[in-house]
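Following: one structure in C-alpha cells, then a few remarks.
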Amino acid sequence: MYFKFGRPDVARRLFDEMPQRDVVSYNTLIAGYSNCGNLAAAGEVFDGMTERNPVSWSSMIAGHARRGDLVSARELFDRVPAADRNVVCWNAMVSGYTQNERFSEAVKVFQMMLQESRTSVQPNEVTLVSVLSSCANLGALDLGKWIDGYIKKRRMALGLFLGNALSDMYAKCGCIVEAKKVFDRMVEKDVISWTIIISASAMHGLSEEAISGFHDMLVHGIKPNDITFMAILAACTHGGMVEDGLNYFEMMSREFGINPKVEHYGCVVDLLSRAGRLSEAEDIINSMSVPPNVVVWGALLGGCRIYKDDARGERVVRRILELDPEHAGSYVYLSTVYASFGRLEEAAKCRLKMRENRVVKTPGCSWIEVDNTVHEFFVGDRSHPQSDKIYSMISSLGPRMKLAGYVPNTSVVSQFIDEEEKEDALFMHSERLAVAFGLISTKEGTTIRVVKNLRVCTDCHDAMKIISKIVEREIVLRDRSRFHHFKEGRCSCKDYW
DNA sequence: TATTTACTCT
C-alpha cells in the first residue's frame with residue numbers, strides 16, 4: 001500500500017519492524033521495489049532470502065524486464081529452480097521480451113516452454129496473449145494460426161484479452177477476414193476490440209470500412225479513446241480522405257472531450273502532408289497546443305520530399321535538427337536535395353556532419369516466415385544459408401522484369417548521394433531478398449507474406465508489382481505503417497502511400 | 001505477494 005502511494009521508505013520501515021517475516025512479506029517488499037523500478041533494493045532483499053518461491057522469482061524477472069534489462073531478466077529466469085518455474089515465471093519472461101520488442105526471443109522462449117510443458121507447465125491465457133502480440137509484430141502467421149488451433153483444442157474461452165490479441169494477430173498478419181471473424185466470435189467487445197478492427201481496415205487501405213467500423217462502435221455504445229482516433233486518422237491518411245480526417249480530428253475534442261496529443265498532431269500533419277497540403281500542415285504545427293516533436297516535423301518533411309518543396313524542407317530540417325541533432329532522416333533528405341541541384345559541396349558537408357554527429361540510420365530489415373521459422377534479411381544481406389540461390393533468383397528475375405516494363409530507379413541523384421545510400425542502391429533492399437527467398441522456398445502459386453521494418457521505397461514498390469505479375473503470385477508486404485497487396489501487377493494501395 | 005491486448009514521422 002505504501003508503495004502505491006510512492007512511499008517505499010514507509011513500507012520498508014514497516015517491514016523492518018515486523019515481529020516475524022515470512023516469504024510473503026519478503027515477496028511483497030520485492031514486488032514493491034520492483035514496481036517502482038528500484039531493482040537494486042529488490043535484488044538486495046531477494047539475495048537475502050533463505051527461502052524463495054515462484055512469486056519471488058517472477059517479481060524479479062518482471063522488474064528487470066520492465067526496465068528493459070532483458071539480460072538480467074534472462075539470467076534470473078535461467079536460474080529459477082525447475083520446481084519453482086511455474087507458468088507465471090514463463091509469462092514474465094515471454095511478456096518481458098514482447099514488451100521490449102524482442103519478438104523473436106519471445107517466440108523462442110514460448111517454444112522452449114512448449115517443449116517442457118509436455119511434462120510440467122502449460123501455457124495459459126496470459127502466455128498466449130503475449131506470444132500472439134509477438135506474432136502480430138513479426139507477421140508470424142503460421143505460429144499465430146497454430147495458437148488459434150491450440151486455443152480451440154483446449155477449448156479456452158475467447159475473453160477480451162485473448163480475443164483482442166488473436167484478432168490483432170490476424171489483422172497484422174494480413175488476414176483481415178480472419179480478424180473480423182474472431183471479432184464476431186467474441187461475446188464481449190471493448191474499445192480495444194473495435195480499435196483493432198478500425199486500425200486493421202486502415203492498414204489494409206479500407207478507409208470506408210474503417211469509418212463504418214467507427215460509427216458501428218458508437219452505435220454499440222462504446223466510447224472511442226485517443227488511440228481509436230489515431231486509427232481513424234490513419235485510415236483517412238491512407239485513403240487520402242483529407243476532409244474526413246480533419247473532421248474527425250475536430251470531433252475528437254468537440255464531441256468526445258479528448259484533447260489532441262502530439263501523436264494526433266502527427267497523424268493530421270501526415271494526412272495533410274501526404275496530400276500535398278504543406279502550408280496547412282505547417283500552420284497546424286505552428287499553432288499546436290503542445291510542443292511539436294521530431295515525429296510531427298518529420299511528417300511534414302516527408303511531404304516536402306514527395307512534393308519537392310525544397311524551401312520549406314530546409315526550414316523544417318533546421319527545426320528538426322534543433323530538437324535532434326542526430327536525426328538521420330534530415331541528413332539523408334538534405335544531401336539528396338543538395339545533390340539534386342548539383343550543390344555537391346553542400347552535399348559533402350552534409351555527409352561530413354553525419355559522420356561527426358555519428359548519425360545512424362535504421363538498417364532496412366525484412367522477414368518472412370517459412371515452415372514455422374522466421375527468416376530475417378538486412379539490406380544487401382549475404383548471410384542466409386541459401387544466399388546464393390536467393391541472389392540467382394533475383395538475377396534471373398531481372399530480364400523478365402525489364403521485359404514487363406520495369407525501369408529501375410537510376411535518377412541522377414543516386415550518383416551523388418552519400419555512401420550509405422549508395423550501398424542501398426548497390427545492394428539489394430531487404431524486401432527483395434525476403435521475396436526472392438519466398439519464391440524459392442514455397443510452392444508455386446502460394447501467397448508470399450513479407451514484413452518490413454521501414455516503409456517500402458518507390459523503386460521496390462514498382463518491382464513488387466511487376467514480380468507479382470510475372471511469377472503469378474500474390475505478394476503481401478507489410479511495411480512500417482500499412483499493407484500492400486500486390487497482385488497481377490497492381491497494388492491495393494493504388495500507389496498512394 | 002508475481003505475469004496479459006490496440007499507439008503518430010523518417
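Numbered from 1 within each chain, the chains take letters A, B, ... in sequence-line order. The figures here come from the full heavy-atom set of this structure, side chains too, leaving out hydrogens, waters and symmetry mates. If you're wondering where the values come from, they're calculated on a predicted model, not measured in any experiment.
Atom CG in A:Leu323 sits about 19 Å away from atom P in B:dT8, given to the nearest Å. The distance between atom CG of A:Asp190 and atom C1' of B:dT5, rounded to the nearest whole Å, is 9 Å. Counting to the nearest Å, the P atom of B:dA6 and the CD1 atom of A:Ile196 are 7 Å from each other. Rounded to a whole Å, the NE2 atom of A:His264 is 15 Å from the C1' atom of B:dC9. In this structure, CD1 of A:Ile198 is placed 13 Å from C1' of B:dC7, rounded to the nearest angstrom. Rounded to an integer number of Å, the gap from A:Met186 CE to B:dA6 P is 13 Å.
With distances taken from any side-chain atom of A:Val24 to the nucleotides B:dT8, B:dT1, B:dT3, the minimum falls on B:dT1. Counting only heavy atoms from C-beta on, A:Asp270 has its side chain closest to B:dT8 among B:dT8, B:dT3, B:dA6. The nucleotide whose nearest atom lies closest to any side-chain atom of A:Asn164 is, among B:dT8, B:dT3, B:dT5, B:dT5. Here the side chain of A:Ile227 is nearest to one of B:dA2, B:dT8, B:dC7, namely B:dC7. Which of B:dT4, B:dC9, B:dT8 sits closest to the side chain of A:Ala299 comes down to B:dC9. Closest contact between the side chain of A:Met230 and the listed nucleotides B:dA6, B:dT3, B:dC7 involves B:dC7. The nucleotide whose nearest atom lies closest to any side-chain atom of A:Ile192 is, among B:dT5, B:dT4, B:dA2, B:dT5.
Residue A:Ser133 is in sugar-phosphate contact alone, with no base atom involved, counting any heavy-atom pair closer than 4.0 Å across all strands shown. Residue-level contact check: A:Arg455 touches the backbone only, with heavy atoms under 4.0 Å from sugar-phosphate atoms and none from bases. A:Gly329 comes within 4.0 angstrom of nothing in the nucleic acid, heavy atoms only. At the heavy-atom level, A:Val269 lies nowhere under 4.0 Å from the strands shown.
Here the side chains of A:Glu116 and A:Trp90 are in contact, with some heavy-atom distance below 4.5 Å. Taking the side chain as every heavy atom from C-beta outward, A:Asp244 and A:Tyr248 approach each other to under 4.5 Å. For the pair A:Ser58/A:Met93, no side-chain contact is recorded, criterion being any heavy-atom separation below 4.5 Å from C-beta on. By the 4.5 Å heavy-atom criterion applied to side chains, A:Asn453 and A:Trp367 are counted as neighbours. Side-chain contact between A:Arg74 and A:Val109: present, with at least one pair of heavy atoms (C-beta onward) separated by less than 4.5 Å.
One donor-acceptor pair, N or O on each side, does fall under 3.5 Å between the base of B:dA2 and the side chain of A:Asn86. A donor N or O paired with an acceptor N or O is not found under 3.5 Å between the base of B:dA2 and the side-chain atoms of A:Asn53. For B:dA2, its base sits under 3.5 Å from the side chain of A:Ser58 at one donor and acceptor pair at least.
Taking side-chain N and O atoms only, A:Ser95 has a distance below 4.0 Å to OP1 or OP2 of B:dT4. Not one side-chain nitrogen or oxygen of A:Gln99 sits closer than 4.0 Å to the OP1 or OP2 atom of B:dT3. Contact between the side-chain N/O atoms of A:Arg274 and the OP1/OP2 oxygens of B:dT10 is found at a separation under 4.0 Å. A:Lys172 has a side-chain polar atom (N or O) that falls below the 4.0 Å cut-off from OP1 or OP2 of B:dC7. Side-chain nitrogen and oxygen atoms of A:Arg480 include none within less than 4.0 Å of the OP1 or OP2 phosphate oxygen of B:dT10. The phosphate of B:dC9 (OP1 or OP2) has no side-chain N or O of A:Ser273 nearer than 4.0 angstrom.
Once rounded to the nearest 0.5 Å, the distance linking CE of A:Met169 with SG of A:Cys175 reads 7.5 Å.
Taken residue by residue, residues 28-45 of chain A places heavy atoms nearer than 4.0 Å to DNA chain B at A:Thr28, A:Ala31.
Partners of A:His204 according to the ring pair (Phe, Tyr, Trp, His ring centres under 6.0 Å) rule, which considers only residues two or more places apart in sequence or in another chain, are A:Phe483, A:His485. The ring pair (Phe, Tyr, Trp, His ring centres under 6.0 Å) search around A:Tyr307 returns none, not counting sequence neighbours.
Between A:His484 and A:Trp497, a ring centre-to-centre spacing shorter than 6.0 Å is recorded.
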